[in-house]
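These figures come from a predicted structure and were not determined experimentally.
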Amino acid sequence: MSVYSDILEQLKQHKLHMTLIDPARQDPEDSAEIANQAGLAGTDFIMIGGSTEIDRYRMDEAIVAIKKKCQRKVIIFPGSSSMISRHADAIYFMSLLNSRSPEFLFRHQVRAAPHLRRMKIESIPMGYLVFKPGMTVGRVGEADLLDNEDPESAVSYSMAAEMMGMKIVYLEAGSGSPTTVSPALISHVKKAISIPLIVGGGIRNASSAADIARAGADIVVTGTIVEGCRDIYQRLSPIVEAVHSANMNTF
Ligand code: 1GP
């Protein structure tokens, strides 16, 4: 089964939690231990990537190590065209739709496409939207940051993503953000599209994760909270549980 079909199948049962691991922040063995603990805590998929440029060799090392310790499927969340690996199960083939730069709209994708085709990696087309404060991805990705107070723009971008054939929309506040995308805005976007909606950035506890899932996020992503954390299982379990038990009112 393709990873995208697997996501859709699992979404019939409950909302999903994904754990983002940035391979630039620790060595491959530590990335693998994060994945192992996150899997035990019930996370549904591992996303690997980030805004710091790293090469294919480092991606390979991290993914091979993760797959030895964790049964979950690994999806690349690339920050550039060099962040690809044949060891991944899939890649979000994403366009940062509110970027001012053609690099992040389509040029990285053009550079990566022949390699991905050769490696036969499943590509999942994704519309990626970055909100204030945006953090590193907002700055590096040259984003015209979207605003929680402007749901109309977020809805228009999300509709455009779906109409262009993208299979997922991702609303991002930026890794490590002090705030999240607001539940009110998530609810507007969810009503406007019929493809799965991912939300991430700044989610640090079960209550925030539950609010975001209840508002309409089909998939909730956390990353920073497990970095450098001694008890990943205890930290993550309540968040995963909050997402899994959120009402299935929207999908
Ligand atoms: C970043 O949405 C993800 O791309 C996760 O954000 O690191 O703040 O959890 P955090």
same_hphob_cluster(Ile48, Tyr57) at 4.5 Å side-chain heavy-atom cutoff: no
In one Ile/Leu/Val/Met/Phe/Trp/Tyr side-chain cluster, 4.5 Å: Ile76, Ile34: yes
No-hydrogen, no-angle side-chain donor-acceptor test under 3.5 Å, Ser82 and Ser80: yes
Pair Ser153-Asp150, side-chain donor/acceptor within less than 3.5 Å: yes
Ion pair Asp44/Arg72, N-O distance below 4.0 Å: no
Side-chain donor-acceptor contact under 3.5 Å, Asp60 with Ser85: yes
Closest non-hydrogen atom pair between Phe45 and Ile75, with its separation: CD2-CD1, 3.9 Å
Tyr4 and Glu122: side chain donor to acceptor below 3.5 Å: no
Between Ser2 and Ser5, a side-chain donor and acceptor under 3.5 Å: yes
Sole candidate of Val243, Val220, Ile7, Val240 that passes side chain to side chain contact (heavy atoms under 4.5 Å, CB included) when paired with Met18: Ile7
Residues, nucleotides or ligands: over 12 heavy atoms within 6.0 Å of Arg111 CZ: yes
Residues clustered with Leu40, ILVMFWY side-chain links under 4.5 angstrom: Tyr233
Within 6.0 angstrom of Lys167 NZ, more than 12 heavy atoms from elsewhere: no
Parallel, tilted or perpendicular: ring planes of Tyr170 versus Phe77, cut at 30 and 60 degrees: parallel
Spatial distance of atom NZ (Lys190) from atom CD1 (Ile195) [nearest 0.5 Å]: 9.0 Å
Residues in side chain to side chain donor-acceptor pair (under 3.5 Å) contact with Gln37, at least two apart in sequence or another chain: Glu33
Ion pair Asp89/Lys67, N-O distance below 4.0 Å: yes
Rounded distance [0.5 Å steps], CD in Gln109 versus OG in Ser81: 8.5 Å
Heavy atoms from other residues, nucleotides or ligands near CZ of Arg117 exceed 12 (cutoff 6.0 Å): no
Pair Ser31, Gln26: side-chain N/O donor-acceptor within cut-off below 3.5 Å: yes
Distance-only donor-acceptor check, side chains His17 and Thr43, under 3.5 Å: yes
Ser194 and Glu162: side chain donor to acceptor below 3.5 Å: yes
Nearest heavy-atom neighbours spanning Val189 and Ser158: CG1-OG, 3.4 Å
Residues Arg214, Asp211: salt bridge by 4.0 Å N-O rule: yes
